[in-house]
Visitor: 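To start, I am sharing the structure in question, which I have written as structure tokens.
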Amino acid sequence: VFGKTAGSTMNVVTKSGTNQIHGDAYEFLRNDKLDARNFFATNQLDPVTGAEIPGSARPEYRRNQFGVTAGGPVIKNKTFLFGFYDALREVKGLSLGDFVPTVAQNQGNFSSVLTGTPINLCGSGGPANLNFDSGQLFDPASEQLFTCPASSGNAGSTILVGNPIPGNIITNIDPVAQKVIAAYPTPSRPGYPNFVNQTPRDRSDNQFGLRLDHNLSSKDRIFGRYLFAQSNITDPSAGYTTLPGFGDTIFYRGQNVTTSWNHVFGPQLLNEFQVGFQRNNPVQNCDGCSSSAGKLASYGIKGLEPLGSDMEGSPYFAFSNFTGVGDAGYRPLSNVEMTEDYRDNLTWTHGRHTIVAGADLQWLQNL
């Protein structure tokens, strides 16, 4: 009998011990040295020489999944114990494409975006003083609204006009912008995207469990089980940007305790009483957050301060033509969830018919 919400339901079944001692150990291995190259993957090209970079077609990849199990009797024919340990170690290189400023653009030189094609900001027939190169940049401090005249192609449209920056070369870069520019990496390849981040995603999982079964009598059986799982992930693709240094760390710890009592009233009537408790604790944090004091203030933005001493990080800046840069907010974010479950099921079998009746009480807490 299942209740509470619609959606998927998972039944977790663990082995029990037997009258004989049994155990096993296992290891599963994969890595980039043994795997074939992806059919569509090719070596990256050096942005300066244009030559292939050997071995860059296959990102770093190592996966080890291993564990042990053991079970046997505590009291023969009466009490049994079973336990297991399972672990995962994975380093998985990713190919994350971005578009970043060139070295010249980081120095304020945007002359490369000039096209040599003149246009009028108000369209055909617009004022002569609004004829500019289609790639022309303007001083944002001088921009103001302008309504295109009736004789122009964009008659009645409101546009922004301002003083053009000579040669698209910016000579007075704002100190805040200089701080942001410093966070961009140098392009690693020609074309679009012009930067590929192959920083690997690092994952480490550990889980173990114990189960105890006890036969009280020929009609009564009880069991108890404890499960523990913990995961640590450093993911360069989980933040607001996939540039190096701005990924997220994801921590998870889950614990589950279950006990059950089965009583047989007779060949047609069975009762099962079960109590369970589950506690989940996921914590997500940006990889560069909670860094040295004063990091946020170092950007020089008035009024921008961390909410707490453990929430230092880099503010996020979004751009129209380039990949954004910065941390995904200031946190850690945590949501501890605890669930208690009490249920009792009574099963009656009569001929071809089976009737199940029971009750299920769940208590959910979020901290």
Side-chain angles (χ1 to χ4, degrees), residues 1-17 26 63-71 74 79-90 201-214 221-235 237-239 247-262 271-287 289-290 307-311 328-345 358-367:
V1 179
F2 301 101
K4 185 183 176 183
T5 58
S8 62
T9 300
M10 293 188 299
N11 286 326
V12 178
V13 179
T14 51
K15 290 183 178 181
S16 63
Y26 56 91
R63 179 185 177 96
N64 293 84
Q65 187 170 1
F66 54 94
V68 295
T69 69
V74 177
T79 307
F80 311 94
L81 183 66
F82 181 85
F84 73 90
Y85 169 75
D86 183 80
L88 172 66
R89 303 291 184 268
E90 184 180 61
R201 178 174 58 208
D202 195 342
R203 177 171 180 173
S204 175
D205 294 356
N206 293 282
Q207 58 180 330
F208 69 85
L210 287 173
R211 171 171 173 153
L212 182 67
D213 291 82
H214 180 66
R221 179 180 179 181
I222 61 173
F223 94 89
R225 181 189 66 209
Y226 173 72
L227 301 176
F228 174 92
Q230 182 168 294
S231 177
N232 286 280
I233 301 175
T234 301
D235 191 344
S237 65
D248 273 12
T249 59
I250 304 169
F251 169 83
Y252 170 81
R253 175 177 290 176
Q255 298 179 80
N256 177 275
V257 179
T258 300
T259 183
S260 176
W261 172 29
N262 291 345
N271 188 77
E272 178 190 21
F273 176 71
Q274 190 174 46
V275 178
F277 175 78
Q278 175 76 30
R279 187 180 192 275
N280 300 321
N281 181 24
V283 181
Q284 186 172 6
N285 198 13
C286 44
D287 199 17
C289 290
S290 301
L307 298 177
S309 58
D310 61 341
M311 292 186 170
Y330 313 115
R331 45 203 200 292
L333 297 177
S334 176
N335 179 31
V336 178
E337 181 182 87
M338 294 185 293
T339 303
E340 296 180 28
D341 184 87
Y342 305 88
R343 67 178 62 184
D344 189 89
N345 296 322
D360 186 357
L361 174 64
Q362 296 184 5
W363 183 25
L364 175 65
Q365 291 179 289
N366 281 302
L367 304 178

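None of the values given here were measured: they were computed from a predicted structure.
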Visitor: Where is the tightest heavy-atom contact between R211 and T14, given as atom of each residue plus distance?
Guide: NH1-O, 3.0 Å

Visitor: Quiz question: by atom type and distance under 3.5 Å, do the side chains of N256 and T258 form a donor-acceptor pair?
Guide: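 Yes, side-chain donor-acceptor contact under 3.5 Å.
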
Visitor: Report the residues that fulfil side-chain contact (heavy atoms from CB on, under 4.5 Å) with V257, sequence neighbours left out, ordered by chain and then residue number.
Guide: Y226

Visitor: Let me confirm one number: the CG-CZ distance from N232 to R203, rounded to the nearest 0.5 Å.
Guide: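 Nearest 0.5 Å value for the CG-CZ distance: 10.5 Å.
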
Visitor: Of all residues at least two apart in sequence or in a different chain, which pass the ring pair (Phe, Tyr, Trp, His ring centres under 6.0 Å) check with F208?
Guide: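 Partners of F208 by the ring pair (Phe, Tyr, Trp, His ring centres under 6.0 Å) criterion, ordered by chain and then number, come out as F228.
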
Visitor: Under the side chain to side chain donor-acceptor pair (under 3.5 Å) test, which residues partner R221, sequence neighbours left out?
Guide: D213

Visitor: If you compare all heavy atoms of Y26 against all heavy atoms of V68, which two are closest, and at what distance to 0.1 Å?
Guide: CE2-N, 4.1 Å

Visitor: Can you find a side-chain donor-acceptor pair between Q207 and D205 that sits under 3.5 Å?
Guide: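 D205 and Q207 do not have a side-chain donor-acceptor pair below 3.5 Å.
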
Visitor: Going by the rule side chain to side chain donor-acceptor pair (under 3.5 Å), which residues pair with R253 if we only count those two or more places apart in sequence or in a different chain?
Guide: Q230

Visitor: Could you walk me through whether Q278 and N280 satisfy the side chain to side chain donor-acceptor pair (under 3.5 Å) test, starting with their C-alpha distance in whole Å, then the side-chain angles of each, then the deciding distance to 0.1 Å, before giving a yes or no?
Guide: CA-CA 7 Å; Q278 175 76 30; N280 300 321; 2.7 Å; yes

Visitor: Could you tell me which residues satisfy side chain to side chain donor-acceptor pair (under 3.5 Å) with S260, sequence neighbours excluded, listed by chain and number?
Guide: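 Counting only residues at least two positions away or on another chain, S260 forms no side chain to side chain donor-acceptor pair (under 3.5 Å).
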
Visitor: Quick one: do the N281 and S334 side chains pair a donor with an acceptor below 3.5 Å?
Guide: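 Short answer, yes.
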
Visitor: For R225, what residues pass the salt bridge (Lys or Arg N to Asp or Glu O under 4.0 Å) criterion, not counting sequence neighbours?
Guide: none

